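Okay, so here's the structure we're looking at.
Below, chains carry the letters A, B, ... as their sequence lines are ordered, and counting in each starts from 1. We use all heavy atoms of the structure for the numbers below, so side chains are in, but hydrogens, waters and symmetry mates are not. Since we're looking at a predicted model, the values are computed, not measured.
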Protein chains: 2
Amino acid sequence: MVESTTTIYDVARVAGVSMATVSRVVNGNANVKEKTRQKVLDAIAELDYRPNAIARGLASKRTTTVGVVLPTITSPYFAAIARGIDDVASMYNYNVVLANSDNDEEKEGKVIESFLSKQVDGIVFMGSSLSESVRNQLVGTRTPVVLAGAIDGDKELASVNIDYHKAAYEATKKLLKTGKKVAYVLGSLNDAENVERMVGYQEALEEAGVKFDEALVFEGNYSYENGRNLAQHLIDKNVNSAVISVDDVAVGLLNSLQEKGVKVPTDFEIIAGSNSALTQYSFPALTSVNQPLYDLGAVSMRLLTKLMLKEEVAESQLILDHEIINRRSTK
Amino acid sequence: MVESTTTIYDVARVAGVSMATVSRVVNGNANVKEKTRQKVLDAIAELDYRPNAIARGLASKRTTTVGVVLPTITSPYFAAIARGIDDVASMYNYNVVLANSDNDEEKEGKVIESFLSKQVDGIVFMGSSLSESVRNQLVGTRTPVVLAGAIDGDKELASVNIDYHKAAYEATKKLLKTGKKVAYVLGSLNDAENVERMVGYQEALEEAGVKFDEALVFEGNYSYENGRNLAQHLIDKNVNSAVISVDDVAVGLLNSLQEKGVKVPTDFEIIAGSNSALTQYSFPALTSVNQPLYDLGAVSMRLLTKLMLKEEVAESQLILDHEIINRRSTK
DNA sequence: TTGTAGGCGTTATCAA
DNA sequence: TTGATAACGCCTACAA
């Protein structure tokens with residue numbers, strides 16, 4: 001039973017009505033007599049008709065599709081956010097087009113360009129940093145945009161974020177409470193969120209009367225290997241605790257530490273920063289700041305639907321609550 | 001600088017040529033004088049013109065888009081495959097539309113339906129099992145389809161797979177070599193791939209003269225928690241090694257085992273089945289069958305491009321090589 | 001090498 | 001409640 005494009009005309013012919021009527025029943029328009037509606041439905045079933053979304057998009061200027069740009073699909077962090085986006089999107093009958101940007105400014109530009117040319121109804125942008133060119137691109141379009149886990153310094157773009165500053169502050173404070181010498185490990189300081197973390201870290205130190213030591217801040221760490229390589233450095237500096245924003249790094253450090261005979265949490269305490277599945281799988285499981293990743297995605301998408309449907313939006317800069325989940329890597 | 005849809009006509013007007021010519025330069029058609037091409041390019045730049053992919057798709061009946069259905073984006077296993085798909089897709093200038101199916105037959109159907117109505121040029125299907133209805137749906141369409149890591153018993157659909165049978169056989173054999181009592185932990189036996197694994201397991205036992213014991217096969221395990229719950233069962237049965245097809249389960253078992261004081265690999269050896277990042281992050285790192293996931297995706301997508309471009313395809317049932325990567329969970 | 005005109009499959013506006 | 005008939009923005013013969 002090979003399909004050959006059957007159109008709205010075919011259905012109209014079989015049902016003995018005009019194509020306009022068919023279009024109405026397909027789109028659930030109320031102004032159709034029940035009897036003719038049934039005729040049309042029968043014809044649709046008989047012909048196995050399927051509306052052409054492309055033609056529909058051209059005529060209606062709506063594609064019911066949203067574009068999602070994320071650095072990489074293989075990161076559990078972004079995957080969790082994407083999942084939240086996806087669930088809410090399908091709840092609102094939007095399809096999702098995903099594109100990897102590899103955290104590369106040029107690719108981000110291309111990807112957004114491609115979304116726009118595909119006439120997506122909205123865009124969710126994930127990415128640790130927001131370059132000036134990408135920002136301009138996003139600001140300059142009519143297509144609604146929401147940043148998920150990315151900060152627009154000028155607050156012109158809608159965004160959903162976690163209170164990184166406070167999260168860092170609290171995690172640091174928690175470690176200081178047990179009298180630890182605490183290091184802070186994060187990604188690039190070119191990312192606004194990491195700058196916020198730094199500030200939170202420093203505030204907690206200050207409050208506890210501990211002098212800030214630049215040598216205890218490790219920047220630019222994203223990978224498991226980074227974490228492993230960090231172990232010896234920390235030991236050498238007599239550090240005995242660390243807050244680590246990227247989970248992969250935290251697990252790397254944890255494992256390397258243990259291989260070197262350092263007991264966690266007895267000799268060394270760790271707080272991870274994202275509460276991805278990794279933190280639960282590690283041994284011992286990692287105490288972690290719980291960034292509500294799924295919610296971050298879900299809320300972002302929900303916000304985007306409001307923008308797309310031109311609903312009233314009271315506040316377009318949202319901050320989600322986080323918490324610290326105690327597991328076995330802290331006392 | 002708010003955009004308002006500028007069309008090919010606007011460009012034509014500004015450049016002082018016909019829209020057909022504009023279309024030609026946009027599509028890289030050779031039959032355009034260099035001078036006029038330049039005029040057009042200038043006009044495009046001046047107007048910030050961007051081709052409307054929807055209109056293009058309607059007119060050309062090609063969308064340069066492929067649909068990818070996967071159970072869940074948050075699984076590292078599928079994410080790795082998806083990454084391979086994505087990379088090759090963009091290499092061939094295709095965009096990727098991802099959709100979660102949650103391994104639910106009904107959702108799979110809907111998702112495919114939506115892809116078809118969106119006029120995707122091709123579909124990559126991932127999913128542990130292939131239901132009859134979905135199979136019919138896929139077979140009955142003109143749109144090229146490739147199964148990635150899923151088996152079509154009738155070999156009607158193109159597919160790319162790993163030799164699950166052999167992988168299970170080799171892993172089991174390896175454990176038997178050190179004289180272990182080996183359990184086999186896998187997902188649902190409704191999935192063809194798992195049946196293949198079972199057979200491989202049994203063959204290895206037989207070859208070693210070990211009697212097959214049904215009680216040592218654990219079916220339907222997919223999650224980290226499943227793995228944790230398994231630990232005591234295995235200990236009670238005096239099992240001292242296991243091949244585990246799902247990495248999450250393997251890590252769960254590993255951790256639970258160690259919490260109970262069982263030393264890995266001294267007292268218990270584990271071979272994981274997918275070599276996802278998890279196996280490298282765990283402590284100790286897990287020896288694992290290396291399913292070339294990224295390649296699986298990449299090859300699937302490559303095969304799909306051939307199908308879409310109607311190139312000659314010698315063999316449409318591909319099997320990729322695997323290997324066993326020795327880490328710290330085996331001796 | 002360039003232009004004209006007829007689709008592509010819908011939606012949407014007017015009339016009827 | 002229904003039916004014509006323009007768009008929608010682009011591609012693609014076919015002509016010139």
- Message: Can you identify which nucleotide, out of C:dT11, D:dT12, C:dG7, has its nearest atom closest to the A:Met19 side chain?
- Response: C:dT11
- Quick one: does B:Val69's side chain get under 4.5 Å of B:Val124's, heavy atoms only? no
- Message: Would you say B:Lys61 places a side-chain N or O within less than 4.0 Å of OP1 or OP2 belonging to C:dG9?
- Response: yes
- Message: Using the side-chain heavy atoms of A:Ala59, tell me which of these nucleotides is nearest: C:dT10, D:dT12, C:dT1.
- Response: C:dT10
- Determine, stepwise, if the pair B:Lys110 / B:Glu113 fulfils salt bridge (charged side-chain N to carboxylate O under 4.0 Å, His left out). CA-CA 5 Å; B:Lys110 278 189 187 168; B:Glu113 206 48 44; over 6 Å; no
- Query: D:dG9 P sits how many Å from B:Asp10 CG, rounded?
  - Reply: 9 Å
- Can you figure out which of D:dC11, C:dG3, C:dT2 approaches the side chain of B:Ser18 most closely? C:dG3
- B:Leu58 CG - C:dC8 P separation (whole Å): 9 Å
- Length of the line joining A:Lys39:NZ and D:dT2:P, which is rounded to integer Å: 8 Å
- Query: Roughly, in whole Å, what's the span from CG in B:Asn27 to C1' in D:dC10?
  - Reply: 9 Å
- Task: Could you tell me the separation between the CZ atom of A:Arg56 and the P atom of D:dC8, rounded to a whole number of Å?
- Result: 19 Å
- Message: Given C:dT11, D:dG9, D:dG3, identify the nucleotide with an atom nearest to the side chain of B:Ala55.
- Response: D:dG9
- Separation of A:Arg62 atom CZ from D:dC8 atom P, in whole Å? 18 Å
- Task: Take the protein atom CG of B:Leu116 and the nucleotide atom C1' of C:dG9, then report the distance between them rounded to whole Å.
- Result: 16 Å
- Using a cut-off of less than 4.0 Å, is there contact between a side-chain N or O of A:Lys35 and OP1 or OP2 of D:dT1? no
- Task: Would you tell me if any nitrogen or oxygen in the side chain of B:Tyr9 comes within less than 4.0 Å of OP1 or OP2 on D:dC8?
- Result: no
- Roughly how many Å is it from CD1 in B:Ile8 to P in C:dA5, rounded to a whole number? 17 Å
- Query: To the nearest 0.5 Å, what is the distance between CD1 (B:Ile123) and CD (B:Gln137)?
  - Reply: 8.0 Å
- Would you say the side-chain atoms of A:Asp104 pair up with the backbone N or O of A:Glu106, donor to acceptor, closer than 3.5 Å? yes
- Any B:Thr5 side-chain nitrogen or oxygen under 4.0 Å from OP1 or OP2 of D:dG9: yes
- Message: Heavy-atom nearest nucleotide on DNA chain D for B:Ile54 versus A:Asn31: which residue maps closer to 5'?
- Response: A:Asn31
- Under 4.5 Å between any side-chain heavy atoms of B:Val40 and B:Val17, yes or no? yes
- Does a nitrogen or oxygen in the side chain of A:Thr21 sit under 4.0 Å from OP1 or OP2 of D:dT1? no
- Looking only at side-chain atoms of B:Ala20, point me to the closest of D:dG3, C:dG3, D:dT1. C:dG3
- A:Glu105 side chain to A:Ser133 side chain, donor-acceptor N/O pair below 3.5 angstrom: yes
- Message: Over all strands shown, is A:Asn52 touching base, sugar-phosphate only, or nothing at heavy-atom distances under 4.0 angstrom?
- Response: sugar-phosphate
- Query: Do the side-chain N or O atoms of A:Ser23 get closer than 4.0 angstrom to the phosphate oxygens (OP1, OP2) of C:dA12?
  - Reply: no
- Note on the structure: Which of D:dT2, C:dT1, C:dG9 is nearest the side chain of A:Arg24? It is D:dT2
- Item | Proximal nucleotide (of D:dG3, C:dT10, D:dC10) relative to the A:Val17 side chain | D:dG3
- Nearest-nucleotide wise, let me know which of B:Arg37 and B:Ser60 is further upstream toward the 5' end of DNA chain C. B:Arg37
